[in-house]
Amino acid sequence: MSQQDIETELESPALSLPAVIAKNEKTVEEGFWRKMARVAGKIPFAEDAAAAWFCTRDPATPLRVKATLLAALAYFVLPTDIIPDFIAGFGFTDDATVLMAAVGLVSSHLKPEHRAAARKALGLPPKEKAEG
């Protein structure tokens, strides 16, 4: 492949950031809650994943934050992983790593209301407010 072919391919509209974000958003929209229904009780990061989902739905969330979270959530939703999900004990470690890295990068944008909505959606009781 020539340098010009590579440059032409990289300029493809399919590889533009808005196209990638839209593709990830569609993937997450179509599969996130379906997968959560199957695995939420088996993964320790379910609450963080759901909070990230609610953060992506918040109109106040900046585009770069949505893009980061949607990429991580799309990785979680997609059936092809570095480590397949069905491998007991290890199947979700890559998903957790990707999601926790994304959440770490944008944690200041995950609001208490995103976390509260996540807990409610997962059927968990509200967190007690810290005293003092």
Side-chain angles (χ1 to χ4, degrees):
M1 186 176 255
S2 73
Q3 180 67 27
Q4 186 171 359
D5 291 339
I6 293 170
E7 289 174 10
T8 301
E9 189 171 322
L10 289 174
E11 292 172 3
S12 164
L15 296 178
S16 72
L17 187 56
V20 171
I21 293 170
K23 183 179 180 195
N24 286 340
E25 188 168 28
K26 184 175 190 266
T27 298
V28 171
E29 193 171 297
E30 291 175 353
F32 179 75
W33 288 110
R34 188 172 38 245
K35 184 159 187 178
M36 285 298 282
R38 287 193 330 268
V39 303
K42 302 174 190 173
I43 57 173
F45 59 93
E47 188 177 335
D48 288 315
W53 185 85
F54 282 105
C55 186
T56 67
R57 311 297 290 176
D58 185 342
T61 301
L63 183 59
R64 65 179 175 75
V65 173
K66 285 183 184 183
T68 301
L69 293 174
L70 285 169
L73 292 171
Y75 184 84
F76 168 67
V77 169
L78 290 174
T80 54
D81 279 340
I82 292 171
I83 303 172
D85 294 342
F86 63 84
I87 297 176
F90 295 104
F92 290 105
T93 55
D94 58 326
D95 299 295
T97 301
V98 169
L99 186 64
M100 291 304 100
V103 166
L105 286 171
V106 301
S107 62
S108 64
H109 296 279
L110 282 169
K111 300 174 186 171
E113 51 266 27
H114 300 146
R115 294 198 178 276
R119 291 186 68 76
K120 184 176 181 181
L122 294 171
L124 300 172
K127 284 234 176 181
E128 297 291 323
K129 292 189 180 194
E131 292 183 34

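Note: Leu73 CG to Glu25 CD = 11.0 Å, rounded to the nearest 0.5 Å. Atoms NZ and CG, on Lys26 and Leu70 in that order, are 14.0 Å from each other to the nearest 0.5 Å. One distance of note links CD1 of Ile43 with NZ of Lys35; it measures 8.0 Å at 0.5 Å rounding.
Scored by the side chain to side chain contact (heavy atoms under 4.5 Å, CB included) test, Lys120 finds no partners at all (sequence neighbours excluded).
Judged purely by atom type and a 3.5 angstrom limit, Arg119 has no side-chain atom pairing as donor or acceptor with the backbone of Arg115. The closest donor-acceptor contact from the side chain of Lys127 to the backbone of Ala116 lies at 3.5 Å or more, if one exists at all. A distance-only check finds no donor-acceptor pair linking the side chain of His109 to the backbone of Val106 [under 3.5 Å].
Residues Asn24 and Tyr75 have side chains that never bring a donor and an acceptor to within less than 3.5 angstrom of each other.
Relative orientation of the Trp53 and Trp33 rings is perpendicular, given thresholds of 30° and 60° on the angle between their planes.
In summary, Glu29 and Arg34 do not engage in a salt bridge, as defined by a charged side-chain N under 4.0 Å from a carboxylate O.
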Problem - Residue pair Phe45, Val103: steps toward the side chain to side chain contact (heavy atoms under 4.5 Å, CB included) verdict - result: CA-CA 11 Å; Phe45 59 93; Val103 166; over 6 Å; no
Exercise for the section: Might you work through the side chain to side chain contact (heavy atoms under 4.5 Å, CB included) test for Ile21 and Leu63, ending with a clear yes or no? Expected result: CA-CA 9 Å; Ile21 293 170; Leu63 183 59; 4.0 Å; yes
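The minimum heavy-atom distance linking Thr68 with Ala102 is given by the pair CG2-CB, 3.8 Å. The heavy-atom pair separating Ala118 from Ala51 by the smallest distance is CB-N, 3.4 Å. Counting all heavy atoms, side chain and backbone alike, Ala60 lies closest to Lys111 at CB-NZ, 3.7 Å. The two atoms that bring Asp58 and His114 nearest to each other are OD2-NE2, 2.8 Å, heavy atoms only. Minimum interatomic distance between Thr61 and Cys55 (heavy atoms only, all atoms of both residues): OG1-O, 2.7 Å. For the pair Val28 and Val77, the tightest heavy-atom approach, listed with the atom from each and the gap, is CA-CG2, 4.4 Å.
Contact check for Phe76 versus Asp94: no side-chain heavy atoms found under the 4.5 Å cut-off.
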